[in-house]
Number of protein chains: 2
Amino acid sequence: MLESAMSPRQISKPRARQTREARPYHHGDLRRVLIDAALQLAAEGAEVSVREAARRAAVSPGAPFRHFPNRDALMAAVAEEAQRRFRVEIEAALADAPAANALARFRAFGLAYVRWAMRNPAHFEIISTGRYFAHGSSAELTRDNAELIALTERMLTEAVAQGLLRSTDLKRVLIAGRALIYGFARMNLDGHFPRWGVEEAEIEEMAEGVIDLFISGISKP
Amino acid sequence: MLESAMSPRQISKPRARQTREARPYHHGDLRRVLIDAALQLAAEGAEVSVREAARRAAVSPGAPFRHFPNRDALMAAVAEEAQRRFRVEIEAALADAPAANALARFRAFGLAYVRWAMRNPAHFEIISTGRYFAHGSSAELTRDNAELIALTERMLTEAVAQGLLRSTDLKRVLIAGRALIYGFARMNLDGHFPRWGVEEAEIEEMAEGVIDLFISGISKP
DNA sequence: AGCGCGATGTAATCAACGCTTACATAATGG
DNA sequence: CCATTATGTAAGCGTTGATTACATCGCGCT
């Protein structure tokens with residue numbers, strides 16, 4: 001709106017590529033910008049609409065459909081990006097964890113998992129819920145997610161190998177561990193922790209306590 | 001559309017009350033019918049819209065707003081009804097459980113919880129997510145939910161009193177237990193169990209295993 | 001009785017949304 | 001240099017939640 005009175009194209013043949021100063025007819029990388037806008041939109045708690053993303057990109061309401069066949073495809077791309085960020089952070093946390101003890105690594109994993117979910121609730125919701133776009137519409141997302149599961153499986157397998165666990169029913173322990181961590185994260189962002197939830201530190205403390213309780217429960221006495 | 005050629009009101013002054021044959025101008029109990037329609041809509045996997053609920057009640061699109069100030073209020077009423085049904089079933093399951101052992105009761109609770117969530121995924125989603133209407137817009141719902149939490153707390157307190165638990169940090173055990181059960185239920189309906197999820201019996205078996213693992217983890221050796 | 005008024009429905013309308021189509025313009029490469 | 005393709009705009013469709021003005025019922029009061 002503001003720029004409606006500006007010279008329509010600034011310079012007829014700007015040749016200005018990287019500058020991006022006056023939004024040439026062809027947007028730099030609209031696809032990326034739309035994904036970022038949608039991510040930001042979600043992070044603000046607003047519901048993501050294609051139109052609003054287009055609005056933030058200062059582009060007509062129909063433009064996004066040049067890059068995404070439909071809203072679901074946008075959301076799938078958004079989910080992919082969120083999942084990528086999630087994975088990066090998890091792996092960073094594990095890189096800092098001691099490599100020796102498998103259960104200590106599991107603990108670090110769980111804490112990083114919960115922490116990211118707490119700090120990026122809307123993005124976590126998009127990633128984990130599968131209710132924001134047609135299920136299985138992104139192979140990359142399911143692959144990334146499977147990789148994360150495989151990661152925890154490896155940690156617990158290692159724990160068994162190290163003789164740390166009471167039970168050797170790996171599958172059962174794996175599912176329980178996933179359910180515990182996922183459940184804790186979701187309880188948080190589904191509002192199941194009344195309003196002592198304001199203190200992030202307190203929640204992390206709870207997460208530690210819960211994970212430690214679980215670990216001590218499955219550990220050999 | 002089809003009835004556009006019918007006689008406008010069938011009989012000018014029907015005086016037909018209970019018959020409902022020709023849908024009198026005043027619907028019997030539109031509020032209840034709308035809630036039921038919305039519940040059914042959700043159960044069918046469709047997304048709940050006020051218009052569609054009105055359509056199923058054979059009523060004009062504006063009529064629901066005589067009973068609910070907005071869509072959120074309808075959804076809140078729907079959630080209340082779903083929560084009521086949930087609670088009834090949980091309590092029925094606990095009525096059948098042995099009163100003696102507190103942990104056995106906890107186990108029965110968890111299984112009933114997961115089972116209901118599996119069989120009523122959309123309703124469970126509406127109840128538990130708090131993302132389908134303004135948070136805290138129904139006092140009854142939060143009260144019912146709090147009562148359920150208090151129920152599990154009582155069971156675990158009793159377990160402590162019976163000297164069954166290793167840890168006496170009740171709060172921690174309570175949160176872990178809730179996270180485990182909630183997480184398992186949500187993983188299910190969020191599609192985290194690929195497609196061996198088709199077998200309901202298998203999932204229940206997994207639920208048993210996971211809950212038993214947890215209980216044995218917190219039990220005194 | 002009857003009638004008046006509140007309760008409850010309808011009809012028409014609005015803005016926002018997802019999505020499609022026809023068209024305009026920029027970028028690119030033969 | 002120009003034609004082809006990529007990418008944006010403009011306009012419009014059908015659906016949704018929500019509001020407003022109006023129609024109709026039915027209960028309670030005198």
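These numbers were taken from a predicted model, which means no experiment stands behind them. Throughout, protein chains are lettered first and strands after them, A, B, ... in sequence-line order, and every chain is numbered starting at 1.
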For [X] and [N], what is the distance between atoms [atom1] and [atom2] respectively, to the nearest whole Å?
| X | N | atom1 | atom2 | result |
| --- | --- | --- | --- | --- |
| A:L30 | C:dA26 | CG | C1' | 14 Å |
| B:M75 | D:dT16 | CE | P | 15 Å |
| B:L74 | D:dG17 | CG | P | 9 Å |
| B:R32 | C:dT8 | CZ | P | 15 Å |
| A:N70 | C:dT21 | CG | P | 14 Å |
| A:D72 | C:dC17 | CG | P | 17 Å |
| B:F65 | C:dA12 | CZ | P | 18 Å |
| A:E47 | C:dC17 | CD | C1' | 10 Å |

Given that B:R66 and A:H67 both sit by DNA chain D, which one's nearest nucleotide is further toward the 5' end?
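It is A:H67 whose nearest nucleotide is closer to the 5' end.
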How would you label the contact of A:S60 with the nucleic acid (heavy atoms, under 4.0 Å): base, sugar-phosphate, or nothing?
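Base: the residue A:S60, judged by heavy atoms under 4.0 Å, touches a nucleobase.
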Checking all strands, does A:R55 fall into the base, sugar-phosphate, or nothing category for heavy-atom contacts under 4.0 angstrom?
sugar-phosphate
Which one, C:dG9, C:dC19, D:dA18, comes nearest to the side chain of A:R71?
C:dC19
Among D:dT16, C:dC17, D:dT9, which is the nearest nucleotide to the side chain of B:R51?
D:dT16
Taking the six-membered ring for Trp, are A:F214 and A:F184 ring centroids under 6.0 Å apart?
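They do not qualify: ring centres at least 6.0 Å apart.
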For A:H192 and B:Y182, I'd like to know if the aromatic rings sit close, meaning centre-to-centre distance below 6.0 Å.
yes
Nearest non-hydrogen partners of A:Y132 and A:D72, listed with the distance:
O-OD1, 4.2 Å
Checking the side chain of B:T142 only, and the main-chain atoms of B:A139 only, is there a donor and an acceptor separated by less than 3.5 Å?
yes
